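Any value given below was found using the heavy atoms of this structure, including those in side chains, with hydrogens, waters and symmetry copies removed. We're numbering straight along the sequence, starting at 1. Both counts, for ligands and for their atoms, begin at 1 and track the order of listing. Just so you know, these numbers come straight off a predicted model, no measurement behind them.
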Amino acid sequence: MEKIVILTGAGISAESGLGTFRDKDGLWAKYAIDDVATPEGFARNPVLVHEFYNARRVKAAAARPNAAHQVLARLQRDWPGEVVIVTQNVDRLHEAGGAQDVIHMHGTLAGALCAACGHRWTAPEEMDTATPCPACTRPTARPDVVWFGEMAYFMDAIYDHLAGCSVFAAIGTSGQVYPAAAFVNEATAAGARTVELNLEPSAVVSSFDETRFGPASQIVPDWVADLLEGPR
Ligand code: APR
């Protein structure tokens with residue numbers, strides 16, 4: 001039966017009140033990537049990086065899934081084949097909306113990682129430079145998110161899913177960050193039908209067979225209805 005692979009980005013959580021990165025009022029308009037989203041930035045100023053992620057962790061914990069998150073969970077339940085959600089987002093709104101087995105290729109705000117011993121645990125709501133690692137007790141906790149210059153997580157599994165999918169959708173992502181921006185090419189090579197669902201054309205819009213523009217909370221339910229009930 002047909003496997004659907006869905007890639008999501010910050011745009012799917014925008015209507016839940018979480019900021020995107022590259023929109024005019026996005027996070028990268030307020031913070032320098034080098035300062036808060038690189039290992040060098042963390043080494044240079046860990047206090048600033050903890051403050052940046054603590055604020056995002058608190059905001060994400062208070063956010064609620066929107067209709068787009070919820071309808072993707074319905075698609076996972078009602079589609080006769082496998083539906084795999086790969087997200088670049090570090091919030092857990094897909095899970096809050098009922099989705100299963102979400103692949104977080106950029107990690108999650110809910111995760112903590114020990115920069116010294118590699119131990120992973122559930123992050124406290126706020127971390128700082130004194131937060132001890134539960135395994136090695138050293139004060140070397142960092143957010144378990146993938147920074148620029150670091151390898152994205154679960155790539156082998158993601159490429160396996162892409163190689164076997166017959167439908168690929170990218171939702172709420174600007175297509176400016178790799179390897180995610182090239183997933184559409186992998187899906188096309190596997191013979192999949194590809195669709196971009198976004199507020200505006202992404203940097204890789206020309207790679208898709210179909211495009212649907214608008215807010216995710218409106219266009220994603222329409223797309224799922226067309227998949228489950230056939231185009232109206
Ligand atoms: N509905 C649908 N799409 C939306 C909405 C909305 N309500 N609001 C914004 N968008 C779209 C924007 O048009 C944009 O194309 O979502 C996209 C968000 O793009 P980015 O801010 O670049 O976010 P994303 O693509 O997820 O960034 C990828 O970059 O900084 C790194 O690690 C970070 O995971 C992130 C990665």
Side-chain angles (χ1 to χ4, degrees), residues 5-42 49 52-53 55-57 59-60 63-72 85-94 97 102-111 113 142-155 158 168-184 194-208 210-224:
V5 174
I6 297 165
L7 169 70
T8 64
I12 199 170
S13 297
E15 292 163 90
S16 295
L18 298 187
T20 61
F21 294 94
R22 294 173 184 82
D23 287 329
K24 62 185 180 316
D25 57 349
L27 281 171
W28 298 148
K30 301 171 191 134
Y31 293 89
I33 287 177
D34 282 349
D35 290 345
V36 296
T38 63
E40 297 78 11
F42 184 64
V49 175
F52 175 69
Y53 284 97
R56 292 181 65 196
R57 189 175 298 108
K59 192 172 179 189
R64 291 288 157 262
N66 63 57
H69 298 108
Q70 290 161 339
V71 80
L72 291 186
I85 298 172
V86 179
T87 189
Q88 300 171 92
N89 299 340
V90 291
D91 64 61
R92 295 179 65 82
L93 291 178
H94 281 299
V102 177
I103 299 175
H104 283 271
M105 63 180 289
H106 289 168
T108 65
L109 289 167
L113 169 65
R142 57 164 278 188
D144 188 9
V145 299
V146 177
W147 285 328
F148 286 92
E150 295 182 324
M151 295 293 289
Y153 293 160
F154 310 115
M155 291 310 299
I158 293 169
F168 173 75
I171 304 174
T173 179
S174 64
Q176 297 184 54
V177 174
Y178 289 79
F183 288 175
V184 59
T194 60
V195 57
E196 175 172 278
L197 298 132
N198 210 47
L199 195 60
E200 58 198 14
S202 78
V204 290
V205 64
S206 59
S207 304
F208 288 84
E210 180 192 358
T211 52
R212 297 189 185 205
F213 297 129
S217 66
Q218 292 169 31
I219 62 174
V220 178
D222 286 348
W223 174 67
V224 169

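- Closest non-hydrogen pair, T173 versus A170, comes out as CG2-CB, 4.1 Å.
- Nearest protein heavy-atom contact of atom 3 (N) of ligand 1 is L199 N, 3.2 Å.
- The protein atom (non-hydrogen) at minimum distance from atom 28 (C) of ligand 1 is Q88 OE1, 3.4 Å.
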- Query: Would W28 and V36 count as a side chain to side chain contact (heavy atoms under 4.5 Å, CB included) if you check the C-alpha gap in whole Å, the side-chain angles of each, and the deciding distance to 0.1 Å?
  - Reply: CA-CA 10 Å; W28 298 148; V36 296; 3.6 Å; yes
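- Of the candidates V220, N198, T173, it is T173 that places a heavy atom closest to atom 24 (P) of ligand 1.
- Which parts of ligand 1 touch G9 is read off a 4.0 Å heavy-atom cut-off, strictly below it: atoms 26 (O).
- Between the side chain of N198 and the main chain of G172, a donor-acceptor pair closer than 3.5 Å is present.
- The heavy atom nearest to atom 23 (O) of ligand 1, considering only A152, G107, A10, is found in A10.
- Distance alone, capped at 3.5 Å, places no donor-acceptor pair between the S13 side chain and the S16 backbone.
- G26 does not count as a contact of ligand 1, since none of its heavy atoms falls under 4.0 Å from the ligand.
- Counting the atoms of ligand 1 from 1 in the order shown, those under 4.0 Å from a heavy atom of G214 are 1 (N), 2 (C).
- In this structure, atom 7 (N) of ligand 1 lies nearest to the protein heavy atom E15 OE2, 3.1 Å.
- Formation of a donor-acceptor pair under 3.5 Å by the H104 side chain with backbone atoms of N89 is found in this model.
- Listed by number with element, the atoms of ligand 1 under 4.0 Å from a non-hydrogen atom of F148 are 30 (O), 31 (C).
- For atom 9 (C) of ligand 1, the closest heavy atom belonging to the protein is D23 OD2, 3.3 Å.
- Salt-bridge annotation for E200 and R212: absent, with no side-chain N of the basic residue lying under 4.0 Å from a carboxylate O of the acidic one.
- Ligand 1 is never approached by A37 to a heavy-atom distance shorter than 4.0 Å.
- The proximity of A14 to ligand 1, defined as any non-hydrogen pair under 4.0 Å, is limited to the side chain.
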- Query: Given S202 and S174, is the side-chain hydrogen bond (donor to acceptor under 3.5 Å, both in side chains) satisfied, shown in steps?
  - Reply: CA-CA 5 Å; S202 78; S174 64; over 6 Å; no
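- Here atom 31 (C) of ligand 1 lies nearest to R22 when heavy atoms of E200, H106, E196, R22 are compared.
- Applying the salt bridge (charged side-chain N to carboxylate O under 4.0 Å, His left out) test to every pair with at least one member in residues 7-31, sequence neighbours left out, gives no pairs at all.
- For the pair H106 (side chain) and Q88 (backbone), a donor-acceptor distance under 3.5 Å is present.
- Regarding atom 35 (C) of ligand 1, its nearest protein heavy-atom neighbour is F21 CE1, 3.6 Å.
- Under the 4.5 Å side-chain criterion, counting only non-hydrogen atoms from C-beta, R56 is not in contact with P143.
- Of all protein heavy atoms, the one lying nearest to atom 1 (N) of ligand 1 is A216 N, 2.9 Å.
- Ring pair W147/Y53 is tilted by interplanar angle, where 30° to 60° counts as tilted.
- When only non-hydrogen protein atoms are considered, atom 18 (C) of ligand 1 lies nearest to G172 O, 3.7 Å.
- Scanning the protein heavy atoms around atom 5 (C) of ligand 1, the nearest turns out to be G11 O, 3.5 Å.
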